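Working notes, structure below.
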Amino acid sequence: MLGQAIHSPGDCDSSQYFMDVAAFSSISLVGLSKSNTHLLVGSGFAFPSKRLSVSSKAFKPMAALTAAPAVGISKTFDKVRKQGKVALIPYITAGDPDLPTTVEALKVLDCCGSDIIELGLPYSDPSADDPVIQAAATRSLARETNFDAVISMLREVLPQLSCPVSLFSYYNLILKGGIGKFMTIIKDAGVQRLVVPDVPLEETEILRMESSKNNIELVLLTTSTTPTNRMKSIVSVLEGFVYLVSSVGVTGTRTNVSARV
């Protein structure tokens, strides 16, 4: 069964902020523990960037400068599993509508109970994403958001967050500057986890080697239609978690989830 642990927005020191949430139900997260046989299945959420507004006057991130160090991704899943819950993982696109707003949005999501935050690098051809996220990436790129600017922003804001941030990147962005260099840069910025939606297993050897060297949890995708043997091969090369694509097609809202999940 899919579910989510949703924390009350009242936990934030803000009475005037507005976030419309659309279900990011085409991708779900599965946690795999090699020490036993349990599975963790959680639904993610997308926050349509064009409908996210933050009042800088109303929002006062009290814990921003005193936040405890973020717990690792694996430990986060272990914690919610022991609590009988499923992790809440909101998604936003970096730089939409601009990077200062992204900083404030990350703080809002952190103080309102997110277990992990997924931050997407804007890309010109986000083939796995629905029109909402495609539009967010287009707006971000129109403001000339680039990788260096996003990393600079992350270096500033990640020490202020209590939950870990996962970076979502298409493979071309990683290849552009070199896989090893990319991994070193995101590690130094404080990123703990990387999701790459468009790289096949057969091309991940260097990606896996460099992510392991930099203590980055690499996440690959599998689907409910993936042959069992191939699914086992994907799972066998990963130490932490694998994305299970629960619906055929791109990301976005759904009225139901495949019974095969």
Side-chain angles (χ1 to χ4, degrees), residues 1-31 40-94 96 100-120 132-133 136 153-154 156-168 190-193 195 217 219 240-241 243 246 251 253 257:
M1 178 180 292
L2 294 178
Q4 62 275 356
I6 300 179
H7 302 254
S8 169
D11 293 339
C12 291
D13 184 29
S14 171
S15 59
Q16 299 177 11
Y17 66 88
F18 173 78
M19 290 185 289
D20 278 327
V21 181
F24 192 124
S25 55
S26 66
I27 295 183
S28 297
L29 198 64
V30 180
L40 301 176
V41 182
S43 59
F45 290 85
F47 286 70
S49 301
K50 66 179 180 180
R51 303 182 68 184
L52 170 64
S53 63
V54 180
S55 169
S56 59
K57 292 183 179 179
F59 176 63
K60 302 174 183 178
M62 293 189 302
L65 298 180
T66 58
V71 176
I73 304 291
S74 295
K75 289 183 179 179
T76 296
F77 277 102
D78 287 340
K79 180 184 71 174
V80 296
R81 178 180 61 84
K82 291 176 182 177
Q83 294 173 343
K85 298 179 180 179
V86 175
L88 174 61
I89 311 175
Y91 173 98
I92 59 173
T93 299
D96 179 33
T101 302
T102 300
V103 169
E104 295 306 313
L106 288 170
K107 293 176 182 177
V108 169
L109 294 172
D110 181 49
C111 81
C112 290
S114 300
D115 295 294
I116 300 168
I117 302 172
E118 190 168 290
L119 183 69
V132 171
I133 298 179
M153 179 270 295
L154 288 173
E156 171 194 336
V157 72
L158 288 186
Q160 303 177 39
L161 305 181
S162 59
C163 73
V165 169
S166 170
L167 202 62
F168 180 102
V191 173
Q192 300 184 36
R193 175 173 169 266
V195 181
E217 292 187 25
V219 177
F241 301 91
Y243 255 103
S246 60
T251 60
T253 57
V257 177

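Position 1 is the first residue of the sequence, and the numbers go up from there. Keep in mind that the numbers below use all heavy atoms, side chains included, and drop hydrogens, waters and symmetry copies. Every value quoted in this text rests on a predicted model; they were computed, and no experiment measured them.
In this structure, the side chain of S114 does not engage the main chain of P90 through any donor-acceptor pair within 3.5 Å.
Here SG of C163 is found 10.0 Å from CD of Q192. Values are rounded to the nearest 0.5 Å. A distance of 12.0 Å separates CD1 of I116 from CG of D110, quoted to the nearest 0.5 Å.
The shortest side-chain heavy-atom distance between P164 and T76 falls under the 4.5 Å cut-off. The closest side-chain heavy-atom distance from I92 to L106 is below 4.5 Å. Using a 4.5 Å heavy-atom threshold, the side chains of E118 and R193 count as touching. D115 has its side chain out of reach of K85: every pair of non-hydrogen atoms, C-beta onward, lies at least 4.5 Å apart.
Contact between A87 and V80 at its shortest, heavy atoms only, is N-CG2, 4.1 Å. Between V165 and L119, the shortest heavy-atom distance links the atoms CG1-CB, 4.1 Å. The nearest pair of heavy atoms linking G190 to L158 is C-CD1, 3.5 Å.
Residues passing the side chain to side chain donor-acceptor pair (under 3.5 Å) test with T102, sequence neighbours excluded: none.
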